[in-house]
Chemist: 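After the C-alpha cells below, expect a handful of questions from me.
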Protein chains: 4
Amino acid sequence: MTEKQKRHSDPALAEARRNQVLTAAADCFRRKGYHGAGMAEISKTAGMSAGHIYNYFNSKEAIIEAIIQRDMEEMFSVFQQFEDDPGELLTNMLDGADHGVERHIDKEKNALELEMLAEAARNQKVAFLMQQSDTHARARFRRLLTGERSLVKDATDKELDARINVIFAMITGLAMRRTLYPELQKDTILLALRPALRTLLSPFN
Amino acid sequence: MTEKQKRHSDPALAEARRNQVLTAAADCFRRKGYHGAGMAEISKTAGMSAGHIYNYFNSKEAIIEAIIQRDMEEMFSVFQQFEDDPGELLTNMLDGADHGVERHIDKEKNALELEMLAEAARNQKVAFLMQQSDTHARARFRRLLTGERSLVKDATDKELDARINVIFAMITGLAMRRTLYPELQKDTILLALRPALRTLLSPFN
Amino acid sequence: MTEKQKRHSDPALAEARRNQVLTAAADCFRRKGYHGAGMAEISKTAGMSAGHIYNYFNSKEAIIEAIIQRDMEEMFSVFQQFEDDPGELLTNMLDGADHGVERHIDKEKNALELEMLAEAARNQKVAFLMQQSDTHARARFRRLLTGERSLVKDATDKELDARINVIFAMITGLAMRRTLYPELQKDTILLALRPALRTLLSPFN
Amino acid sequence: MTEKQKRHSDPALAEARRNQVLTAAADCFRRKGYHGAGMAEISKTAGMSAGHIYNYFNSKEAIIEAIIQRDMEEMFSVFQQFEDDPGELLTNMLDGADHGVERHIDKEKNALELEMLAEAARNQKVAFLMQQSDTHARARFRRLLTGERSLVKDATDKELDARINVIFAMITGLAMRRTLYPELQKDTILLALRPALRTLLSPFN
DNA sequence: GATGAATGAGTATTCATTCAT
DNA sequence: TATGAATGAATACTCATTCAT
C-alpha cells in the first residue's frame, strides 16, 4: 500500500535499469502471460539479478503497472498514423486499414493486451491506468474526427463519442478474432471492415 | 492423457454437484482470475471440500474447460433470439440491438470472458474449446444471414464470413469498452452501432 | 492404538470377506507397493466398497499386518517340501535347489517381501510379526537338520543356528539378486549354490 | 526430461549444501522410509528451508538417486579392503569376514539399503542406478577372483559369475537376518559363514 | 451388511520477496 | 550497485478414513 521509493544516486542509470526491466518483463509477459512468467525468467531476460529488480520496483505487480503506463498509449493509438497525413480522413483510414489490421491481428501482442485487460477487471490500479490511456487515445482520435479533413466534424459530442467507441470496439474486437478463429484472413476482414468504417466516418444520412 | 471419469451412483446428485462447482468456480475466476482463484476458495464457495471437487473434475483446468463448454455457446448466441423472429433480419437486429448491448455490457460477465480469452492465449485446450464454440456461433449466425429474411442472403461465402467476423468483433469489442471507459452509456453506443450494423447487414453499394 | 474389533453377526462370512481383502491387497501391494497401492484400488480388486473394508480392518496398516500373519510363514518355508521327502536331506535339497531357486527368483513376489522387510525396519509391529514367522521357519528347518536323514544331526545348537541362518541368508539374498542383476540365470546360480549348500549341510571337516 | 541444473556461484558452498541435504535425507529415509519422510522433515533435518532444497535437487526422487550414487558403491565394496592386501585371497577373506560381518550387520544402514531396494522394485531409474553400482561391484570382485592370489583364477566366466553372485547374495542376505532375527550374534554367523566362503573361493573338487 | 459421498490433513513443488555480502 | 542464497507461504492435488443412508 505505502509507496516507498528507493533513492538512486545516479538517476540516469536507474532510469536505464528500469527500462531494461520493463522491456524484459513485457517480453516475458507477452510470451508466458503475467502469471506464467516468473521473476527468475524476467531477471535473466533483463540481464540482472532477481533481487536487484526490487531496487527499482516494489513488486511484480508494480512492473506490470509500469509497463501499462509506458506502453498502453501506443497500444490504443492505432490512429496515430493519420494525424499528420494530408487528405481526407476517410480515404486515409480506408487506405490504412489494410496495414492497421495487419498490425493488430498479431497474436503475441494481443496476448499481453488481453492479460492486461483481464487484470484490469479486478485490479483497480491497473484499471485506472488503462482507462487513462484509453481516455487519452479517445481524445486524440476525437481531434482527428473534428479536424478539417473529417466528414463528421460537425457531429455532436455524443455522436462523436459513439463513433469513436464503436470504432475502437471494432479494432479491439478484431484483435481478438484471431484467438477464436485463427484461420481468418486479413483480406476477408477488410471486405466488411471498409464499408463499416466508411459508415462510421461519414454523416449518418 | 486418459480421460478416466469417476462413476457416480446417483447421476442427478452428481450433476447438481458439478454445477455447484462450476457456478462457484465461475464466480471465483471472475473475481480473482483463473490463476488468482485457488481451489480452497472455490471449494469454500461451492460449499464442499476441496478434495471432493476432484470426484467431479480431474483438475482445475477441467473446471475452466467445463465452464467454457457450459457458458461459451450462450455467450455467442446473442443472435439466437432472431432465429424464430419473423420479419426482416435487419429490422429485427436493429430493434434488438438495444437489448443486446445492455446484456453484453455487463462488467461481471465480461470479466470471466476476458479471463477465458487470456487463458486461451496460453492454453491450447482452452483455446480449442473456445474456437469450437465460436465456430458454432458463426455457423448459426451465418444461417441467419442466408435466411429468407436477410438482405445479404446472396453474398459470397467470403463476404459473409467478413460480415460475420466484423459484427462479432464489434460485439466482443463493445463488451470490453466498459472496462476501459466505464462511463460509456448504452444509448450513446447505439447512436453509432445501429448505422454500422445496417451497413453490415445490407448489400455493399 | 486401541484395538477395537467389530462384531460380526455371521463370522464365517466375515472371515471370507477378510480373506477377500487380504488377497486383493497382497496382489495390489505386489504390483504397486504398499504406498503405491491405494485403498480405492484394493477395494475394487476385492470387489467391495472402500468403506466396507473398514468393517474388517481398522486401517491400511492393519491390512499389511494381517497379510504378513497369513503369508509370511509360507514365504520362509522354502524347505517345507523336504519335510516328508524320504532320502538323504542333502541329496533332496541339492535336487530341489533347481526348483527352489526358480520359485524364489520371481521378481513380483520379492517386491512384496522387500516392501515388508523395509516396513519392518521402522514398524515395530510388522517387525515383530515377521520375526515370529522367521522363528517358526527356523524351528522347522532345524527339525530337518536334526532329523534322521541329516548329515549334521549331531551338530551343536549354535552350529545349527549358524548353518540355518547362513542358508536362509543365501536364499533371501538370491531373491534380491534379480533386482540388482536381472540378467542372472538360474543355472548360473546353481553352479555355485550347490557346492555352498553341500558345505552347509555336511559336517565341517 | 531436460536436466536443467541451477548455476551456483560458489561451487564449494553448493557442494556442502548438497551433502547437507543428502545426509539429512538418508537419515530421514532410514527412519521413515522414502515415502514416509516428507520434504518438510528432510528440510528441518538439513537445517534449511524446503524450498531451498530445490536449488540443489530437482525433486525428491533426485535426492534418493543422489544418495544411491553416493552410498551405493561403498555399500557393495565390502571387498575393497582385500584389493591391496598381500597373501592368499581365501585367507584374507576368512580373516576379514569377522570385520565384514560386523560392518554389514548394522541395522540402521540396512534399513536404508532395504528402502532403496524396495524403491528399485517400483522405480525404473532407481533400479538402474543400483544395477549400475552392482555391476561395478561385481566387476571389482571378479578382478579379485581372477587375481594372482586367488585359488579360482582359472574358473570359467560363468562359474565366476556364479561364485560372485552367491557370495553377494549371502552378504546381502546376512544383512537382512538382523531384521528378522535380532538376537543373532556375529560369532554364530561366522561358524557357518567361513566354511561356506571357503567353498565358494576354492575350486569345486 | 454394504455403499460411496464427503472430508481434511497431508504431499511435493513453486515463486515472489528479502537480505547479508 | 549488484548478487544469489535463502525463505516461507501458497499451490493443486491425493488418499486413508468416516458416516449417513
Chemist: Would you find a donor on one side and an acceptor on the other, under 3.5 Å apart, between the side chain of D:Q131 and the backbone of C:T179?
Modeler: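 Here the side-chain-to-backbone pair exists.
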Chemist: Kindly state which residues belonging to residues 28-39 of chain B come within less than 4.0 angstrom of DNA chain F, counting heavy atoms of the residue only, listed by number.
Modeler: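 DNA chain F contact set from residues 28-39 of chain B: B:A37, B:G38, B:M39.
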Chemist: What is the separation between atom CZ on C:R17 and atom P on E:dG1, rounded to the nearest whole Å?
Modeler: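 Taking CZ of C:R17 and P of E:dG1, I get 9 Å after rounding.
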Chemist: Could you please spell out the steps behind the side chain to side chain contact (heavy atoms under 4.5 Å, CB included) verdict for D:F57 and D:E65?
Modeler: CA-CA 10 Å; D:F57 297 94; D:E65 287 166 7; over 6 Å; no
Chemist: Hey, does B:L22 have a side-chain heavy atom less than 4.5 Å from the side chain of B:D71?
Modeler: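 They are not in side-chain contact.
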Chemist: Starting at NZ of A:K44 and ending at C1' of F:dT3, how long is that distance when rounded to a whole Å?
Modeler: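 One finds 16 Å between C1' of F:dT3 and NZ of A:K44, rounded.
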Chemist: Does a side-chain N-to-carboxylate-O contact under 4.0 Å join A:E113 and A:R30?
Modeler: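 Looking at A:R30 together with A:E113, the answer is no, because their closest N to O distance does not fall below 4.0 Å.
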Chemist: Round to a whole Å and report the spacing from OH of B:Y56 to P of F:dC13.
Modeler: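 Atom-to-atom, B:Y56 to F:dC13, this comes out as 18 Å.
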Chemist: Toss me the dot-bracket line for DNA chain F: Watson-Crick and G-U wobble, both under 3.5 Å, 5' to 3', using | for pairs to another strand and [ ] for crossers.
Modeler: .||||||||||||||||||||
Chemist: So do the side chains of A:T23 and A:R70 get within less than 4.5 Å of each other, counting heavy atoms only?
Modeler: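 A:T23 vs A:R70: side chains touch.
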Chemist: Would you classify B:S49 as touching base, sugar-phosphate or nothing, given that sugar-phosphate means primed atoms plus P, OP1 and OP2, and contacts are heavy atoms under 4.0 Å?
Modeler: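 Since a base atom lies under 4.0 Å of B:S49, the category is base.
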Chemist: Under 4.5 Å between any side-chain heavy atoms of C:T45 and C:R31, yes or no?
Modeler: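 The answer is yes; the side chains approach within 4.5 Å.
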Chemist: After noting the C-alpha distance and the side-chain angles of D:M39 and D:I42, does the key distance pass the side chain to side chain contact (heavy atoms under 4.5 Å, CB included) rule?
Modeler: CA-CA 5 Å; D:M39 290 302 293; D:I42 294 173; 4.2 Å; yes
Chemist: Mark yes or no: B:K60 above the aromatic ring of B:F29, with NZ or CZ under 6.0 Å from the six-membered ring centre and no more than 45 degrees from the axis.
Modeler: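 Not flagged: B:K60 not positioned over aromatic ring of B:F29.
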Chemist: With the side chain of A:K60 defined as its heavy atoms from C-beta on, choose the nearest nucleotide among E:dA2, E:dT17, E:dA12.
Modeler: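 In terms of side-chain proximity for A:K60, the closest of E:dA2, E:dT17, E:dA12 is E:dT17.
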Chemist: Indicate whether OP1 or OP2 belonging to E:dG4 is found under 4.0 Å from a side-chain N or O atom of B:H8.
Modeler: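 False: B:H8 side-chain N/O out of range (4.0 Å or more) of E:dG4 OP1/OP2.
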Chemist: Kindly say if B:S9 contacts the phosphate of E:dA5, meaning a side-chain N or O under 4.0 Å from OP1 or OP2.
Modeler: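 Answer is yes, contact under 4.0 Å.
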Chemist: For D:F57 and E:dT14, give me the distance from atom CZ to atom P, rounded to whole Å.
Modeler: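 Rounded to whole Å, this separation is 15 Å.
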Chemist: Round to the nearest Å and state the distance from C:N55 atom CG to F:dA16 atom C1'.
Modeler: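 Taking atom C1' of F:dA16 as the reference, CG of C:N55 is at 15 Å.
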Chemist: Can you tell if the side chain of C:L112 reaches within under 4.5 Å of the side chain of C:Y34, non-hydrogen atoms only?
Modeler: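 C:L112 vs C:Y34: side chains apart.
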Chemist: Assign each of A:E61 and C:L13 to its nearest nucleotide of DNA chain E by heavy atoms, then name whichever residue's nucleotide is nearer the 5' end.
Modeler: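 Per heavy-atom nearest nucleotide, the more 5' residue is C:L13.
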Chemist: Might you work through the ring-ring contact (aromatic ring centres under 6.0 Å, His included) test for B:Y56 and B:H8, ending with a clear yes or no?
Modeler: CA-CA 9 Å; B:Y56 301 105; B:H8 296 283; 4.8 Å; yes
Chemist: What's touching nucleotides 19-21 of chain F from the protein side, N or O pairs under 3.5 Å?
Modeler:
none

Chemist: Tell me: CE of A:M48 to C1' of F:dG4, nearest whole Å?
Modeler: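 These atoms are roughly 14 Å apart.
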Chemist: Taking for each residue the nucleotide of DNA chain E with the nearest heavy atom, is it A:A50 or D:A50 whose nucleotide lies nearer the 5' end?
Modeler: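 Result: D:A50.
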Chemist: Whole angstrom is fine here: how far is it from CD in D:E41 over to P in E:dT11?
Modeler: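 From D:E41 CD to E:dT11 P: 9 Å.
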Chemist: I want to check something: taking the side chain as every heavy atom from C-beta on, are B:R17 and B:N55 in contact at a cut-off of under 4.5 Å?
Modeler: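 Counting from C-beta outward, B:R17 and B:N55 never come under 4.5 Å.
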Chemist: Evaluate C:N123 against C:E61 for side chain to side chain contact (heavy atoms under 4.5 Å, CB included), listing each step before the verdict.
Modeler: CA-CA 10 Å; C:N123 180 328; C:E61 210 184 356; 2.2 Å; yes
Chemist: Would you mind reading off the distance between D:I53 atom CD1 and F:dA5 atom P, rounded to a whole angstrom?
Modeler: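 Spelled out: CD1 on D:I53 to P on F:dA5 is 15 Å.
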